[in-house]
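One structure is given here, and the rest of the page talks about it.
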Number of protein chains: 2
Amino acid sequence: MKLERKDEILKYIVEEFIETAQPVGSKTLLEKYKLNCSSATIRNAMAELEKEGMLEKTHVSSGRVPSAQGYQYYLDHLDNSALMNSVDMEFQREFQEVLNSRSKSVEDVLSRSCQMLSEMTNMATVVLGPKATEELLVSLQLLRLTEKTAMFIFITDSGYVEKKTFVINNKDGVTFSALSTAIAMLSERLVGTKISELEGKAKALEPIFIQTFGRGGDVVLQAFLDALISFAKKRFQVYGQKNLLSLPEFSSDKESFLSAFDALQDPHNLEKNFAQHDDIGSNVNVAFTNDKKGDFAIVSKPLNSKDSIAIVGPKRMDYKRVLSALEYVVYMLDKYYFSTPASSSSLIPVSEVSNVEIMKENKKKPAKKVAKKGGKK
Amino acid sequence: MKLERKDEILKYIVEEFIETAQPVGSKTLLEKYKLNCSSATIRNAMAELEKEGMLEKTHVSSGRVPSAQGYQYYLDHLDNSALMNSVDMEFQREFQEVLNSRSKSVEDVLSRSCQMLSEMTNMATVVLGPKATEELLVSLQLLRLTEKTAMFIFITDSGYVEKKTFVINNKDGVTFSALSTAIAMLSERLVGTKISELEGKAKALEPIFIQTFGRGGDVVLQAFLDALISFAKKRFQVYGQKNLLSLPEFSSDKESFLSAFDALQDPHNLEKNFAQHDDIGSNVNVAFTNDKKGDFAIVSKPLNSKDSIAIVGPKRMDYKRVLSALEYVVYMLDKYYFSTPASSSSLIPVSEVSNVEIMKENKKKPAKKVAKKGGKK
DNA sequence: GGTTAGCACTCAACTTTTTGAAGTGCTATG
DNA sequence: CATAGCACTTCAAAAAGTTGAGTGCTAACC
């Protein structure tokens with residue numbers, strides 16, 4: 001059996017299955033893709049590919065479906081250099097509009113980017129930030145909201161903001177102004193500390209507090225520490241998870257959708273499947289999960305030094321589309337937001353670039369390589 | 001036909017349907033509830049109730065299903081005084097634990113409360129805040145994140161925090177310190193302004209900015225205004241929407257779940273069906289929606305002067321359970337968080353109340369009345 | 001060796017038929 | 001006004017039959 005043809009057949013099967021979500025048969029393959037051989041030959045090739053673990057059958061007389069290994073092989077042999085130029089023009093145009101949109105805050109642009117990614121890929125998109133506990137406290141404030149309520153505001157070095165509102169009751173000398181003093185004191189000592197080390201460091205201040213405020217100081221400190229414990233580990237945003245419901249792999253079976261939904265409720269579970277920041281700027285990472293929580297493909301890429309962006313869906317996804325779209329979006333965001341080349345302009349760089357370039361001929365396409373990364377089996 | 005019996009039959013039908021989600025027949029009714037009459041009598045009553053618009057049939061020889069009007073009647077005639085005491089003991093115990101939990105910030109307690117409500121009612125729970133645009137700006141800050149990025153932080157009088165990160169590029173004199181001065185200036189003039197009026201008011205400052213900063217000031221101001229425009233209207237949290245998927249009304253039909261999901265993506269659409277704050281502290285409101293977006297019941301109650309909490313699900317929901325749970329939770333939250341009776345204690349009131357009371361015998365049950373409010377038909 | 005035509009077999013998916021349970025309305029009677 | 005009885009309706013689920021896409025294998029062919 002010619003190796004070349006076998007590869008080709010595998011590729012076609014993967015693509016056909018990606019498109020139709022139906023097991024692929026030898027005849028269909030023959031008709032749709034012009035292979036100059038007969039269906040019997042294709043069947044032979046398929047039998048071999050199955051033996052090699054690239055394909056699977058749903059039942060003895062069904063067509064073939066790619067296995068995880070099959071997808072992996074497909075991904076490893078994708079023509080990456082062509083991907084970047086395959087980004088849909090319409091998408092590029094729309095994305096350009098986002099970059100030129102009125103509000104150019106990182107939050108707004110990122111959120112709209114993700115919505116667009118979700119929409120065009122019909123998958124869920126996740127932006128995953130670093131664990132808040134690994135970040136540094138850069139600001140600790142107290143704000144009076146009403147007569148009886150006050151709000152702590154914690155801000156970390158990557159701009160994560162967490163607020164905690166408390167009810168104050170002017171007893172035991174816990175007045176707003178006392179609180180204010182306490183927080184100023186805490187702020188002075190704790191800004192610059194890693195969140196995870198905050199508790200220990202704050203605890204050490206307890207004697208000072210009790211000395212200064214009496215018993216009330218104790219309570220303040222405890223409340224502060226308690227608030228910290230629930231300091232969100234959730235540094236993520238999920239977009240378009242409802243898209244998954246329209247996919248055949250989830251719509252047929254309620255359970256699987258729910259488990260996908262759950263997994264996306266707390267994507268930190270998926271974190272180990274994300275691209276690492278070590279190789280920032282280089283690769284798109286494709287990982288497959290395979291646990292009780294479900295069976296996903298996670299296509300991810302570091303977005304900047306802290307965050308990653310990922311497209312999450314079933315293994316059967318249009319990788320060409322997904323990889324190229326993600327690559328494109330990250331490239332553009334990086335270019336216009338996260339790096340600031342000398343050539344670019346003032347406060348909001350994009351505002352000056354009235355016509356964001358559209359990549360059609362590849363002049364300076366970024367390095368692109370799909371990295372392997374096996375999910376735990 | 002005895003009126004009393006008819007009422008009773010309607011009530012049983014509603015409750016049976018709530019429980020089983022199946023059309024209710026005369027025989028079932030007779031067997032399950034001890035009505036001292038025959039099935040034929042029940043049938044006659046049902047025929048009358050149908051004529052009055054309380055019941056509907058799914059097809060000519062099916063059992064009966066309550067109509068919206070039927071539910072309304074049922075709700076109007078619920079024995080409200082008994083509800084408050086019907087809250088599940090286990091739930092009360094668990095809720096007490098939440099109130100006594102380590103972190104007593106309003107955010108944490110509220111979020112856990114809603115999770116509990118969702119879980120016990122198997123519905124979605126929504127906390128809806130006021131429109132951000134109707135609130136006052138109480139703080140406007142600038143924070144340097146990295147060499148190249150800075151973050152605006154807006155805070156409104158109800159403690160809503162919004163952040164916008166921008167990339168700074170030291171050109172045209174737009175340095176961080178210039179920005180800082182600008183924001184200080186803006187802050188001085190704009191704090192206390194209603195968000196919706198901010199834009200106009202800021203615009204008036206443009207000449208001053210241009211004069212002070214030259215062209216750069218212009219850009220800053222514009223960026224600021226643009227960020228405002230996307231200042232989230234979304235002041236809400238949704239919990240447990242995945243529960244809806246397990247309900248027969250949604251699980252059978254993907255479309256209906258999606259429309260429910262969509263409706264919950266932006267609950268401000270549902271806002272008109274929420275309890276009004278005029279009658280704060282008084283009533284639980286039950287409203288039915290009936291539009292293209294779907295068919296829900298919304299059981300809501302003002303939580304404090306700003307926010308409302310609502311349980312959202314299909315019209316077929318266990319109203320006794322839902323009403324009592326919501327009533328209970330809001331009552332407890334109000335008691336320990338939003339009002340601060342003289343009796344209560346220091347910084348975080350609940351921390352002192354080591355054993356939050358459990359209502360078993362009704363001593364001081366709050367005023368309770370179900371308000372009518374027709375959804376638009 | 002690789003390729004192909006042909007054939008028997010498998011199995012899921014769809015359609016049709018059958019059956020039974022749950023329900024109603026109506027009528028005559030207590 | 002309530003009830004027993006009966007004829008009729010409808011849906012849902014099971015059973016039975018039909019179809020079609022797919023396979024593996026064998027024998028022949030280049």
- Message: Check whether B/R64 reaches the backbone of B/K57 with its side chain - one donor and one acceptor, N or O, closer than 3.5 Å.
- Response: no

- Query: What about A/S61: does its side chain form a donor-acceptor pair under 3.5 Å with the base of C/dT10?
  - Reply: yes

- Task: Provide, to the nearest angstrom, the distance between the NE2 atom belonging to A/H59 and the P atom belonging to D/dG22.
- Result: 10 Å

- Item | Min side-chain heavy-atom separation B/T121-B/N243 under 4.5 Å | no

- Item | Length of the line joining A/L29:CG and D/dA21:P, which is rounded to integer Å | 15 Å

- Task: Grab the CE-C1' distance between A/M46 and C/dT3 for me, whole Å please.
- Result: 17 Å

- Is there a side-chain polar atom (N or O) of B/T41 under 4.0 Å from OP1 or OP2 of D/dT3? yes

- Item | Side-chain N,O (A/R64) to OP1/OP2 (D/dA21) below 4.0 Å | no

- Measure from NZ on B/K27 to C1' on D/dT3 and round the result to the nearest Å. 14 Å

- Item | B/Q22 CD - D/dC11 P separation (whole Å) | 14 Å

- Considering heavy-atom distances to DNA chain D, does A/P23 or B/R43 have its closest nucleotide positioned more toward the 5' end? B/R43

- Going by the side chain to side chain contact (heavy atoms under 4.5 Å, CB included) test, name the single residue among B/T125, B/V312, B/V284, B/L75 that passes it with B/V299. B/V284

- Task: Name the orientation class of the two ring planes belonging to B/Y71 and B/F17 (parallel below 30°, tilted from 30 to 60°, perpendicular beyond 60°).
- Result: tilted

- Task: Examine C/dG25: is either OP1 or OP2 under 4.0 Å from a nitrogen or oxygen in the side chain of B/K57? Give yes or no.
- Result: yes

- Query: Within the pair B/T28 and C/dG23, is there a side-chain N or O less than 4.0 Å away from OP1 or OP2?
  - Reply: yes

- Would you tell me if any nitrogen or oxygen in the side chain of A/S26 comes within less than 4.0 Å of OP1 or OP2 on D/dT23? yes

- Query: Separation of A/N36 atom CG from D/dC30 atom P, in whole Å?
  - Reply: 18 Å

- Options D/dG24, C/dC11, C/dT4, nucleotide nearest the side-chain atoms of A/N44: C/dT4

- Task: Find the distance B/L49:CG to C/dG25:C1' and express it as a whole number of Å.
- Result: 16 Å

- Message: Would you call the rings of A/F261 and A/F257 parallel, tilted or perpendicular, taking 30° and 60° as the class edges?
- Response: tilted

- Item | Atom-pair distance (NZ on B/K51; C1' on C/dG25), nearest Å | 11 Å

